[in-house]
Amino acid sequence: MRRLLLCALVLTNGCGIGSAIGQTVDPDQAKQIFGVLPRIAENPQNPVTPEKVALGKSLYFERRLSKSSSISCSSCHDLGMAGADGLSTSLGYRWQLGPRNAPSVLNAALEFTQFWDGRAKDVEEQAKGPIVNPKEMAATKELVVQRLKSIPEYVDAFHKAFPGEKDPVSFDNTANAIAAFERTLLTPSRFDRFIAGNTAILTEEEKQGLNTFVSVGCTTCHNGVDVGGGSFQKFGAIHKVDWLKDLGRYEVTKNEADKYVFKVPSLRNVALTAPYFNDGSVWSLEEAVKTMAYAQLGRTLTDAEAKRIVAFLHTLSADPALVVPPPVLPPSSLSTPKPMP
């Protein structure tokens with residue numbers, strides 16, 4: 001409720017944060033709004049170690065975690081496609097289509113909750129969901145553990161990643177290892193170098209786009225180190241879009257106030273991860289920007305304003321591009337459960 005009141009306050013005051021800091025956003029002001037990107041998204045409950053990250057990387061690409069042995073985390077969150085899959089909704093077990101667009105895994109560990117509806121508190125909990133979802137990887141906890149324990153190289157890797165545990169090959173540790181790997185997938189951008197003081201790194205159009213992004217009120221929700229991912233908001237706070245059918249967080253809480261409420265997505269790498277919105281229905285970033293301004297802020301942006309904002313959003317793309325070579329995975333043994341198409 002406090003966050004919704006904040007939105008209302010910003011709309012009432014016109015430019016909101018933008019009016020408070022002026023029309024030109026310098027690096028110090030940008031740092032106040034967005035903060036500084038860390039090197040790793042740490043979790044004290046799941047410390048990031050080299051051994052855990054190495055295991056998690058293999059498991060992230062491991063198709064044998066799925067019932068059919070044909071789907072992995074990377075199937076829907078392709079690191080070669082900025083952590084997304086370029087589809088409106090993803091394909092799962094037996095070609096089933098999921099109900100929502102797969103968000104990028106890059107920088108996801110920085111977000112305050114996971115999934116569009118916030119049903120997982122962190123990437124450790126999120127990593128478990130798709131593996132056992134009958135529309136996604138369709139496995140069971142037991143099948144995952146049985147397959148991993150049948151592969152000696154994985155058993156050894158689990159012991160190294162979780163030292164001191166008598167029986168470390170578990171479903172929880174599988175998720176913890178994947179999450180530890182994901183906590184390293186942070187992508188510094190040209191905008192981060194601007195925040196650090198390199199004002200020449202952005203073009204004049206990109207700087208104007210940042211000024212417009214702030215002045216029209218986009219930073220009401222898209223703020224913090226992930227440029228979003230820090231709150232729930234109602235989609236259509238001012239104007240409901242005609243095509244919106246998904247009830248959002250209401251499906252989790254059954255609270256009437258949560259109808260059409262979604263986690264605010266991160267805008268890092270957004271220029272690389274079309275299509276947009278919870279159902280992947282919009283393929284143009286300029287159209288997405290205009291839609292959000294109208295639906296959330298009651299603003300009708302001009303083509304020039306939308307173009308400037310899009311120019312700024314391009315500065316949030318990983319620079320240099322994140323390159324993660326796929327690992328060489330260990331072979332199955334004779335006792336490894338076979339694929340179940």
* Asked: Would a distance-only check, ignoring hydrogens and angles, find a side-chain to backbone donor-acceptor pair under 3.5 Å from S68 to P341?
  -> no
* **Main-chain N/O of W116 paired with R249 side-chain donor or acceptor, under 3.5 Å** => no
* Looking at OH of Y60 and NE2 of H77, how far apart are the two atoms once the value is rounded to the nearest 0.5 Å? -> 6.0 Å
* To do: State which residues pass salt bridge (charged side-chain N to carboxylate O under 4.0 Å, His left out) with R94; sequence neighbours excluded, sorted by chain then number.
  => none
* Asked: In terms of the angle between their ring planes, are F213 and F312 parallel, tilted or perpendicular, with boundaries placed at 30° and 60°?
  -> tilted
* Decide whether L106 and L285 are clustered together by the hydrophobic rule: side chain heavy atoms of Ile, Leu, Val, Met, Phe, Trp, Tyr closer than 4.5 Å, transitively. => no
* To do: Taking only Lys NZ, Arg NE, NH1 and NH2, and the carboxylate oxygens of Asp or Glu, determine whether D172 and K141 approach each other closer than 4.0 Å.
  => no
* Any side-chain donor paired with an acceptor under 3.5 Å for S281 and D279? -> yes
* Asked: Rounded to the nearest 0.5 Å, what separation is found between the OG1 atom of T174 and the CZ atom of F171?
  -> 7.0 Å
* Transitive ILVMFWY side-chain link L322 to V225, under 4.5 Å -> no
* Asked: When you measure from the side chain of N269 to the backbone N and O of A318, does any donor-acceptor pair fall under 3.5 Å?
  -> yes
* Asked: With no hydrogens and no angle check, is any side-chain donor or acceptor of S266 less than 3.5 Å from a backbone partner on D226?
  -> yes
* **salt bridge (Lys or Arg N to Asp or Glu O under 4.0 Å) evaluation trace for R268 with D192** => CA-CA 11 Å; R268 286 188 177 272; D192 294 293; 2.8 Å; yes
* **Distance (rounded to the nearest 0.5 Å) between Q114 CD and E124 CD** => 9.0 Å
* Is a side-chain N or O of E136 found less than 3.5 angstrom from the main chain of N133, in a donor-acceptor match? -> no
* To do: Go through the steps for D26 and K31 under the test salt bridge (Lys or Arg N to Asp or Glu O under 4.0 Å), then give the verdict.
  => CA-CA 9 Å; D26 64 28; K31 186 183 295 185; over 6 Å; no
* Would a distance-only check, ignoring hydrogens and angles, find a side-chain to backbone donor-acceptor pair under 3.5 Å from S189 to T315? -> yes
* Distance under 6.0 Å and angle within 45° of ring axis: K160 vs F158 -> no
* Asked: Within a radius of less than 6.0 Å around CZ of R100, do more than 12 heavy atoms belonging to other residues, nucleotides or ligands occur?
  -> yes
* Expected output: side-chain R119 to main-chain T253 donor-acceptor under 3.5 Å -> no
* **Residues K128, E125: salt bridge by 4.0 Å N-O rule** => no
* Would you tell me whether N173 and K52 have side-chain atoms, one donor and one acceptor, within less than 3.5 Å of each other? => no
* Is there a donor in the side chain of S88 and an acceptor in the side chain of N101, or the other way round, less than 3.5 Å apart? -> no
* Using a distance-only test with no angle check, is there a side-chain donor-acceptor pair under 3.5 angstrom linking N176 and Q45? -> no
* **Neighbour count >12 (heavy atoms, 6.0 Å) for atom NZ, K259** => yes
* **Quiz item: cation-pi between K240 and Y260, 6.0 Å / 45°** => yes
* Short N-O contact, K234 and D258, less than 4.0 angstrom -> no
* Asked: About how many Å separate CZ of F162 and CD of E51, when rounded to the nearest 0.5 Å?
  -> 10.5 Å
* **S90 and D85: side chain donor to acceptor below 3.5 Å** => yes
* How far apart are the closest heavy atoms of I309 and V216, and which atoms are they? -> CD1-CG2, 4.4 Å
* To do: Return the set of residues passing salt bridge (charged side-chain N to carboxylate O under 4.0 Å, His left out) with R64 (not counting sequence neighbours), or none when no residue passes.
  => E62
* Using the six-membered ring wherever Trp is involved, compare the ring planes of F191 and F34 and label them parallel, tilted or perpendicular (cut-offs 30° and 60°). => perpendicular
* Asked: Is the shortest distance from a Lys or Arg side-chain nitrogen in R308 or D303 to a carboxylate oxygen in the other one below 4.0 Å?
  -> no
* **Expected output: side-chain D156 to main-chain P152 donor-acceptor under 3.5 Å** => no
* To do: Hey, could you give me the SG/CG distance between C221 and L297, rounded to the nearest 0.5 Å?
  => 7.5 Å
* Spatial distance of atom OG (S284) from atom NZ (K290) [nearest 0.5 Å] -> 8.0 Å
* To do: Please check if the side chain of R299 supplies one atom and the backbone of A293 the other of a donor-acceptor pair under 3.5 Å.
  => no
* Asked: Would you call K263 and D117 a salt bridge, taking side-chain N to carboxylate O under 4.0 Å as the test?
  -> no
* To do: Ignoring hydrogens and angles, tell me if any N or O in the side chain of K207 forms a donor-acceptor pair with the backbone of T199 under 3.5 Å.
  => yes
* Do S215 and T212 have a side chain donor and acceptor closer than 3.5 Å? -> no
* Shortest non-hydrogen contact from A271 toward S317 -> CB-OG, 4.0 Å
* Asked: Hey, any chance F61 and I131 share a hydrophobic cluster, counting ILVMFWY side chains that come within less than 4.5 Å of each other, even indirectly?
  -> yes
* Structure fact -> Exactly one of Y276, Y294, F277 clears ring-ring contact (aromatic ring centres under 6.0 Å, His included) with F235, and that residue is F277
